Amino acid sequence: MKPAHLISAAFQALENAHAPYSGYQVGAALLCEDGTVFSGCNVENASYGLTNCAERTALFSAIAAGYRNFTAIAISASKEPAPFPCGACRQVMAEFCAPDFPVYIAEGPGFKTATLGELLPHSFNLGDSNA
């Protein structure tokens, strides 16, 4: 799947976002190894710590459906700034995705590409000798 198609799916997902507090709707589309796409949106809560990001919503949906092999994720937002994943989302991605996992971030009419390793160069995982 081309990055543009995955980004389009992320923009479709943000239409379902529940963001009454920030007004910043985010959508994500996660591509699985077999071509299946799982979408997610941010879901805010008055108790802001209970908010869930679009990226984790997509990942958790895929994992709950039995998927574990992911090849890319696209993230879109309803307005600026560009929707780079938060630290929690980066760490959750690191649990299931390799450092070279591509992250497409919609920005203006185009997109930026980063790898998970670039976004989270020192992730924590159980294989670390410091754990």
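These numbers come from a predicted model, not from an experiment. Just so it is clear, the values below take in all heavy atoms, side chains as well, and ignore hydrogens, waters and symmetry mates.
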Might you point out which heavy atoms bring [X] and [Y] nearest each other, and give the distance in Å?
X    : Y    : result
I7   : A106 : CG2-CB, 4.0 Å
T113 : Y104 : OG1-CD2, 3.4 Å
R90  : L116 : O-CD1, 3.7 Å
P81  : A77  : O-CB, 4.4 Å
R56  : C86  : NH2-SG, 4.4 Å
A10  : A74  : CB-O, 3.6 Å

L14 and C41: side-chain contact (heavy atoms from CB on, under 4.5 Å), yes or no, with the steps? CA-CA 5 Å; L14 76 77; C41 59; 5.6 Å; no
Just how far is it from atom [atom1] of [X] to atom [atom2] of [Y], taken to the nearest 0.5 Å?
X    : Y    : atom1 : atom2 : answer
C89  : L119 : SG    : CG    : 11.0 Å
S8   : M1   : OG    : CE    : 9.0 Å
E15  : S76  : CD    : OG    : 9.0 Å
K112 : I75  : NZ    : CD1   : 13.0 Å
E107 : F84  : CD    : CZ    : 6.5 Å

What residues, two or more places apart in sequence or in another chain, satisfy side-chain contact (heavy atoms from CB on, under 4.5 Å) together with Q91?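 Result, side-chain contact (heavy atoms from CB on, under 4.5 Å) vs Q91: A94, L120, S123, F124.
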Atom pairs and distances, side-chain donor-acceptor, residues 29-39, under 3.5 Å, sequence neighbours left out:
| from | atom 1 | to | atom 2 | distance (Å) |
| --- | --- | --- | --- | --- |
| D34 | OD1 | T36 | N | 2.9 |
| D34 | OD1 | T36 | OG1 | 2.8 |
| D34 | OD2 | T36 | OG1 | 3.3 |
| T36 | OG1 | Y67 | OH | 3.4 |

Could you tell me whether a side-chain N or O of [X] sits under 3.5 Å from a main-chain N or O of [Y], the two making a donor and an acceptor?
X    : Y    : result
N42  : A54  : no
S78  : Q25  : yes
T115 : E118 : yes

Any side-chain donor near an acceptor of the partner, N52 and T57, under 3.5 Å: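 Yes, because at least one side-chain N or O of N52 sits under 3.5 Å from a partner of the opposite role on T57.
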Report whether V26 and M93 are members of the same hydrophobic cluster (ILVMFWY, side-chain heavy atoms less than 4.5 Å apart, transitive linking).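 In one cluster with V26: M93, yes.
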Transitive ILVMFWY side-chain link I73 to F96, under 4.5 Å: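 Shared cluster, yes.
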Quick one: side chains of residues 16-23, donor-acceptor pairs under 3.5 Å with protein atoms, not counting sequence neighbours, listed by atom name and distance.
| from | atom 1 | to | atom 2 | distance (Å) |
| --- | --- | --- | --- | --- |
| S22 | OG | Y24 | N | 3.0 |
| S22 | OG | E44 | OE2 | 2.3 |

Given I105 and F111, is the side-chain contact (heavy atoms from CB on, under 4.5 Å) satisfied, shown in steps? CA-CA 5 Å; I105 299 131; F111 65 93; 5.9 Å; no
Let me see the working for F60 and V92 under side-chain contact (heavy atoms from CB on, under 4.5 Å), right down to the final yes or no. CA-CA 9 Å; F60 295 162; V92 170; 3.7 Å; yes
